[in-house]
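Just below is one structure, and these are the notes that go with it.
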Amino acid sequence: MKLPDKYYHSSDVVALSRDLIGKYLFTSINNEVTGGYIVETEAYNGIIDRASHSFGNRLTSRTRTMFEQGGIAYVYLCYGIHEMFNIVTSVAGQPHAILIRAIEPTDGIETILTRRNMETIKPNITRGPGSVAKALGISRNINGISLQSDTVWVEDRGLTFTNKEVIAAPRIGVAYAGEDALLPYRFYVKGNIYVSKPNK
DNA sequence: ATACGGATTGACT
DNA sequence: GTCAATCCGTATA
(Lines give C-alpha, C1' and ligand atoms only; values in the text may rest on other atoms or scores of the structure.)
Protein backbone atom coordinates (compact mmCIF):
# COMPACT_ATOMS: atom_id res chain seq x y z
CA MET A 1 0.00 0.00 0.00
CA LYS A 2 2.84 2.44 0.74
CA LEU A 3 4.22 4.25 -2.27
CA PRO A 4 7.53 2.51 -3.04
CA ASP A 5 10.83 4.25 -2.42
CA LYS A 6 11.46 4.59 -6.15
CA TYR A 7 8.32 6.72 -6.52
CA TYR A 8 10.21 9.54 -4.81
CA HIS A 9 13.34 9.27 -6.94
CA SER A 10 11.96 11.15 -9.96
CA SER A 11 13.90 14.28 -10.85
CA ASP A 12 10.67 16.09 -11.82
CA VAL A 13 9.59 17.53 -8.47
CA VAL A 14 6.83 19.61 -10.06
CA ALA A 15 5.20 16.56 -11.68
CA LEU A 16 5.47 14.67 -8.39
CA SER A 17 3.78 17.53 -6.55
CA ARG A 18 0.85 17.26 -8.94
CA ASP A 19 0.79 13.48 -8.62
CA LEU A 20 0.68 13.58 -4.82
CA ILE A 21 -2.72 15.29 -4.91
CA GLY A 22 -5.20 12.62 -3.79
CA LYS A 23 -2.56 10.39 -2.18
CA TYR A 24 -3.05 9.53 1.50
CA LEU A 25 -0.58 10.78 4.12
CA PHE A 26 -0.46 8.94 7.44
CA THR A 27 1.46 9.16 10.69
CA SER A 28 1.56 6.72 13.56
CA ILE A 29 2.71 8.56 16.68
CA ASN A 30 2.42 6.84 20.07
CA ASN A 31 0.42 4.10 18.36
CA GLU A 32 -2.20 6.56 17.15
CA VAL A 33 -2.73 6.52 13.39
CA THR A 34 -3.90 9.78 11.84
CA GLY A 35 -4.09 10.90 8.25
CA GLY A 36 -6.04 11.93 5.20
CA TYR A 37 -5.63 12.64 1.54
CA ILE A 38 -3.46 15.44 0.21
CA VAL A 39 -5.33 18.37 -1.35
CA GLU A 40 -2.57 20.99 -1.58
CA THR A 41 1.19 20.81 -2.28
CA GLU A 42 4.08 23.04 -3.32
CA ALA A 43 7.23 22.05 -5.21
CA TYR A 44 10.67 23.42 -4.25
CA ASN A 45 12.95 22.89 -7.20
CA GLY A 46 16.42 22.60 -5.75
CA ILE A 47 19.44 24.81 -6.25
CA ILE A 48 17.98 26.94 -9.06
CA ASP A 49 14.81 27.89 -7.11
CA ARG A 50 15.15 31.12 -5.14
CA ALA A 51 12.25 30.10 -2.93
CA SER A 52 13.99 26.91 -1.78
CA HIS A 53 16.18 26.60 1.30
CA SER A 54 18.62 24.76 -0.95
CA PHE A 55 18.93 27.60 -3.49
CA GLY A 56 22.50 28.07 -4.64
CA ASN A 57 23.49 24.63 -3.31
CA ARG A 58 23.22 25.93 0.26
CA LEU A 59 24.21 22.95 2.39
CA THR A 60 23.78 23.57 6.13
CA SER A 61 22.77 21.56 9.16
CA ARG A 62 19.15 22.37 8.40
CA THR A 63 19.16 21.77 4.65
CA ARG A 64 21.30 18.62 4.83
CA THR A 65 18.12 16.51 4.86
CA MET A 66 17.10 17.85 1.45
CA PHE A 67 20.36 16.67 -0.08
CA GLU A 68 19.72 13.05 0.83
CA GLN A 69 18.04 10.56 -1.50
CA GLY A 70 14.30 11.10 -2.05
CA GLY A 71 11.75 9.25 0.05
CA ILE A 72 12.34 10.84 3.47
CA ALA A 73 10.71 13.57 5.54
CA TYR A 74 12.11 17.11 5.79
CA VAL A 75 10.69 18.94 8.81
CA TYR A 76 11.76 22.40 9.92
CA LEU A 77 10.54 25.19 12.17
CA CYS A 78 9.09 28.31 10.57
CA TYR A 79 8.51 31.66 12.29
CA GLY A 80 9.68 30.06 15.52
CA ILE A 81 6.25 28.52 15.95
CA HIS A 82 5.17 26.16 13.19
CA GLU A 83 6.58 22.84 12.02
CA MET A 84 6.54 22.31 8.25
CA PHE A 85 6.33 18.83 6.75
CA ASN A 86 8.00 18.21 3.38
CA ILE A 87 8.77 15.15 1.29
CA VAL A 88 12.32 14.98 -0.09
CA THR A 89 12.47 13.80 -3.71
CA SER A 90 15.00 12.99 -6.45
CA VAL A 91 18.43 11.44 -6.03
CA ALA A 92 21.07 12.15 -3.41
CA GLY A 93 22.77 15.49 -4.02
CA GLN A 94 19.76 17.00 -5.81
CA PRO A 95 17.86 18.83 -3.01
CA HIS A 96 14.23 18.75 -4.12
CA ALA A 97 11.29 18.89 -1.69
CA ILE A 98 7.50 19.04 -1.69
CA LEU A 99 5.67 20.97 1.03
CA ILE A 100 2.37 19.42 2.11
CA ARG A 101 0.09 22.42 2.63
CA ALA A 102 -3.28 20.80 3.27
CA ILE A 103 -5.01 17.43 3.65
CA GLU A 104 -8.62 16.32 3.96
CA PRO A 105 -8.62 14.32 7.23
CA THR A 106 -10.04 10.78 7.11
CA ASP A 107 -8.39 8.71 9.86
CA GLY A 108 -7.89 9.26 13.59
CA ILE A 109 -10.26 12.20 13.76
CA GLU A 110 -10.54 12.10 17.56
CA THR A 111 -6.75 12.32 17.93
CA ILE A 112 -6.57 15.13 15.39
CA LEU A 113 -9.26 17.07 17.26
CA THR A 114 -7.31 16.69 20.51
CA ARG A 115 -4.03 17.82 18.96
CA ARG A 116 -5.72 20.85 17.40
CA ASN A 117 -7.65 21.75 20.55
CA MET A 118 -10.93 21.58 18.68
CA GLU A 119 -14.25 19.96 19.51
CA THR A 120 -15.55 19.61 15.97
CA ILE A 121 -13.97 19.46 12.53
CA LYS A 122 -13.63 22.85 10.91
CA PRO A 123 -11.90 23.57 7.58
CA ASN A 124 -8.88 25.11 9.27
CA ILE A 125 -8.13 21.90 11.20
CA THR A 126 -5.74 20.74 8.45
CA ARG A 127 -5.57 23.88 6.28
CA GLY A 128 -2.06 25.26 5.88
CA PRO A 129 1.28 23.49 6.43
CA GLY A 130 1.59 24.34 10.13
CA SER A 131 -1.91 22.99 10.74
CA VAL A 132 -1.24 19.74 8.86
CA ALA A 133 1.89 19.05 10.91
CA LYS A 134 0.17 19.77 14.20
CA ALA A 135 -2.87 17.64 13.32
CA LEU A 136 -0.67 14.67 12.40
CA GLY A 137 1.65 15.05 15.39
CA ILE A 138 4.63 15.86 13.17
CA SER A 139 7.62 17.61 14.71
CA ARG A 140 11.29 18.09 13.92
CA ASN A 141 12.18 14.82 15.64
CA ILE A 142 10.95 12.94 12.56
CA ASN A 143 13.19 15.00 10.26
CA GLY A 144 15.06 12.63 7.96
CA ILE A 145 12.88 9.59 8.65
CA SER A 146 12.08 7.23 5.76
CA LEU A 147 8.61 7.19 4.24
CA GLN A 148 8.95 3.38 4.22
CA SER A 149 8.90 3.55 8.05
CA ASP A 150 5.84 2.86 10.19
CA THR A 151 5.94 6.39 11.60
CA VAL A 152 5.08 8.42 8.50
CA TRP A 153 4.18 7.21 5.01
CA VAL A 154 2.07 7.86 1.88
CA GLU A 155 -0.43 5.46 0.28
CA ASP A 156 -2.17 5.32 -3.09
CA ARG A 157 -5.77 4.29 -2.44
CA GLY A 158 -6.94 4.87 -6.00
CA LEU A 159 -8.34 8.34 -5.43
CA THR A 160 -7.65 10.57 -8.43
CA PHE A 161 -8.48 14.07 -9.55
CA THR A 162 -8.65 15.21 -13.16
CA ASN A 163 -6.44 17.98 -14.50
CA LYS A 164 -9.57 20.12 -14.54
CA GLU A 165 -10.01 19.65 -10.80
CA VAL A 166 -6.39 20.43 -9.92
CA ILE A 167 -5.22 24.04 -10.17
CA ALA A 168 -1.57 25.04 -10.70
CA ALA A 169 -0.80 28.47 -9.24
CA PRO A 170 2.04 30.52 -7.71
CA ARG A 171 3.28 29.48 -4.28
CA ILE A 172 2.26 31.12 -1.01
CA GLY A 173 4.54 33.26 1.15
CA VAL A 174 7.59 33.29 -1.11
CA ALA A 175 7.60 36.92 -2.27
CA TYR A 176 11.30 37.10 -1.35
CA ALA A 177 12.03 34.75 -4.27
CA GLY A 178 11.70 37.43 -6.96
CA GLU A 179 10.46 36.10 -10.29
CA ASP A 180 10.64 32.53 -8.99
CA ALA A 181 7.69 33.46 -6.78
CA LEU A 182 5.58 33.53 -9.95
CA LEU A 183 6.26 29.92 -10.97
CA PRO A 184 3.11 27.73 -10.93
CA TYR A 185 4.51 25.24 -8.41
CA ARG A 186 1.49 25.14 -6.10
CA PHE A 187 -1.17 22.50 -6.75
CA TYR A 188 -4.56 22.21 -5.10
CA VAL A 189 -7.99 20.63 -5.50
CA LYS A 190 -10.30 23.30 -6.84
CA GLY A 191 -12.93 24.35 -4.29
CA ASN A 192 -11.81 21.91 -1.58
CA ILE A 193 -12.62 23.46 1.80
CA TYR A 194 -9.31 22.40 3.37
CA VAL A 195 -7.21 24.25 0.80
CA SER A 196 -5.68 27.50 2.05
CA LYS A 197 -7.19 30.39 0.16
CA PRO A 198 -7.52 31.17 -2.65
CA ASN A 199 -9.02 27.77 -3.46
CA LYS A 200 -11.19 28.51 -6.52
C1' DA B 1 28.87 37.67 18.99
C1' DT B 2 25.14 39.97 17.12
C1' DA B 3 21.25 41.18 13.93
C1' DC B 4 17.67 40.01 10.82
C1' DG B 5 13.63 37.85 9.19
C1' DG B 6 10.99 33.75 7.71
C1' DA B 7 7.73 27.89 2.70
C1' DT B 8 2.45 30.90 9.22
C1' DT B 9 -1.39 30.95 12.24
C1' DG B 10 -5.03 32.61 15.13
C1' DA B 11 -6.98 36.28 17.73
C1' DC B 12 -8.93 40.51 17.34
C1' DT B 13 -11.09 45.16 15.02
C1' DG C 1 -8.91 43.68 7.30
C1' DT C 2 -4.52 44.07 10.96
C1' DC C 3 -1.00 42.24 13.94
C1' DA C 4 1.56 39.70 17.67
C1' DA C 5 3.75 35.37 18.78
C1' DT C 6 8.40 33.17 18.95
C1' DC C 7 12.89 30.47 17.72
C1' DC C 8 16.57 29.38 14.99
C1' DG C 9 19.05 29.46 10.52
C1' DT C 10 21.87 32.43 8.12
C1' DA C 11 24.82 36.30 7.13
C1' DT C 12 28.08 39.51 8.71
C1' DA C 13 31.91 40.88 11.79
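In what follows, chains are A, B, ... by sequence order, proteins preceding strands, each numbered from 1. Just so you know, these numbers use all the heavy atoms, side chains as well, and skip hydrogens, waters and symmetry mates.
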Provide the closest heavy-atom pair for A:Y37 versus A:N192 in the form atom of the first, atom of the second, distance.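 Heavy atoms only, the tightest pair is OH-ND2, 4.4 Å.
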
How close do A:Y194 and A:V39 get, counting heavy atoms only, and between which atoms?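 It is CB-CG2, 4.2 Å.
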
Any side-chain N or O of [X] below 4.0 angstrom from OP1/OP2 of [N]?
| X | N | value |
| --- | --- | --- |
| A:R186 | B:dA7 | no |
| A:R62 | C:dT10 | yes |
| A:R127 | B:dT9 | no |
| A:Y76 | C:dC7 | no |
| A:T60 | C:dT10 | yes |

Residue whose nearest DNA chain C nucleotide is more 5′ - A:H53 or A:H82: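 Nearest-nucleotide comparison on DNA chain C picks A:H82.
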
With a 4.0 Å cut-off on heavy atoms, is A:S131 in touch with a base, just the backbone sugar-phosphate, or nothing at all?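 The answer is sugar-phosphate, as A:S131 gets under 4.0 Å only of primed atoms, P, OP1 or OP2.
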
How is A:R140 classified with respect to the nucleic acid when contacts are heavy atoms under 4.0 Å: base, sugar-phosphate, or nothing?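 Sugar-phosphate: the residue A:R140, judged by heavy atoms under 4.0 Å, touches backbone atoms but no base.
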
Paired nucleotide for B:dA7 [Watson-Crick or G-U wobble; both distances under 3.5 Å]: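 None - no nucleotide pairs with B:dA7, as no candidate has both distances under 3.5 Å.
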
To the nearest angstrom, how far is [X] atom [atom1] from [N] atom [atom2]?
| X | N | atom1 | atom2 | value |
| --- | --- | --- | --- | --- |
| A:I81 | C:dC3 | CD1 | C1' | 12 Å |
| A:R115 | B:dG10 | CZ | C1' | 20 Å |
| A:R101 | B:dT9 | CZ | P | 6 Å |
| A:D180 | B:dA7 | CG | P | 14 Å |
| A:L99 | B:dT9 | CG | P | 9 Å |
| A:N141 | C:dC8 | CG | P | 14 Å |
| A:M84 | C:dC7 | CE | C1' | 13 Å |
| A:L59 | C:dT10 | CG | P | 10 Å |

Under 3.5 Å donor-acceptor pair, A:Y79 side-chain atoms to C:dA5 base atoms: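 Result: no qualifying N/O pair found.
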
Please determine if A:E155 and A:K2 form a salt bridge, counting it only when a charged side-chain N lies under 4.0 Å from a carboxylate O.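 No, A:E155 and A:K2 are not salt-bridged.
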
Assess whether a salt bridge exists between A:E40 and A:R186, defined as any Lys/Arg side-chain N lying under 4.0 Å from an Asp/Glu carboxylate O.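 Here A:E40 pairs with A:R186 in a salt bridge, since their nearest N and O are under 4.0 Å apart.
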
Chi angles and distances behind the side-chain hydrogen bond (donor to acceptor under 3.5 Å, both in side chains) call for A:R116, A:N124: CA-CA 10 Å; A:R116 296 284 288 132; A:N124 68 351; 4.8 Å; no

Same-atom distance (C1') from B:dG5 to C:dC3, integer angstrom: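 Those two atoms are separated by 16 Å.
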
